[in-house]
Amino acid sequence: MASPFGNIEWNPISRNNSALVNIILLCTYVFILSSLLNIFPQGVRFLNFFKLTSNLGLLIYQPFSIVSYIFMHGGFWHLLGNMLWLYFIGIILEDLTGHKHLWRLFLGGGI
């Protein structure tokens, strides 16, 4: 029986998927993990470590948050809206630039 999703590998760092599919999978997996961690108080504190802060004193201790916040979403509708935009615009951009450049555009645009 054929998969309704085509030949997608569910690994978000798979070289067989397009860059667009990998970005969408990674954002979705981070959202699911963050939703599960939000259940616990320690999980909320852990997630706050990866969110971008406007406090420059804290940003010095967590510079990775400049990239990690790109993959985090505020709720299901936020994720869905962003992934729909990313999908429709990303198809065009990936055709024009290639899969390596799509990653660069995604990360550069987020930063």
* **Distance-minimising heavy-atom pair for S65 and F49** => CB-O, 4.3 Å
* Asked: For the hydrophobic clusters of this structure (ILVMFWY residues joined by side-chain heavy atoms under 4.5 Å, transitively), does one cluster hold both F71 and L79?
  -> yes
* Decide whether L25 and V67 are clustered together by the hydrophobic rule: side chain heavy atoms of Ile, Leu, Val, Met, Phe, Trp, Tyr closer than 4.5 Å, transitively. => no
Less than 3.5 Å apart, which donor and acceptor atoms pair up between the side chains of residues 80-88 and the rest of the protein, not counting sequence neighbours?
residue: N82; atom: ND2; partner: H73; partner atom: NE2; Å: 3.3
residue: N82; atom: ND2; partner: H78; partner atom: NE2; Å: 3.2

* **Residues which pass side chain to side chain donor-acceptor pair (under 3.5 Å) with D95, listed by chain and number, not counting sequence neighbours** => none
* **Qualifying residue, where the test is side-chain contact (heavy atoms from CB on, under 4.5 Å) with I24 and the options are L20, N22, V21** => L20
* Asked: Hydrophobic clusters join Ile, Leu, Val, Met, Phe, Trp and Tyr when side-chain heavy atoms are under 4.5 Å apart, directly or via other members; which others share one with I92?
  -> L96
Output a table of donor-acceptor pairs, distance under 3.5 Å, between side-chain atoms of residues 52-63 and any protein atom two or more places apart or on a different chain; print 'none' if there are none.
residue: T53; atom: OG1; partner: N55; partner atom: N; Å: 3.1
residue: N55; atom: OD1; partner: G57; partner atom: N; Å: 3.0
residue: Q62; atom: NE2; partner: K51; partner atom: O; Å: 3.4

* **Of all pairs that satisfy ring-ring contact (aromatic ring centres under 6.0 Å, His included), the ones with a partner from residues 25-47, not counting sequence neighbours** => F46-F50
Identify every side-chain donor-acceptor pair in residues 100-111 under 3.5 Å, counting partners at least two apart or on other chains, and give the distances.
residue: H101; atom: ND1; partner: R104; partner atom: NH1; Å: 3.2

* **Separation of M72 CE from S34 OG (nearest 0.5 Å)** => 5.5 Å
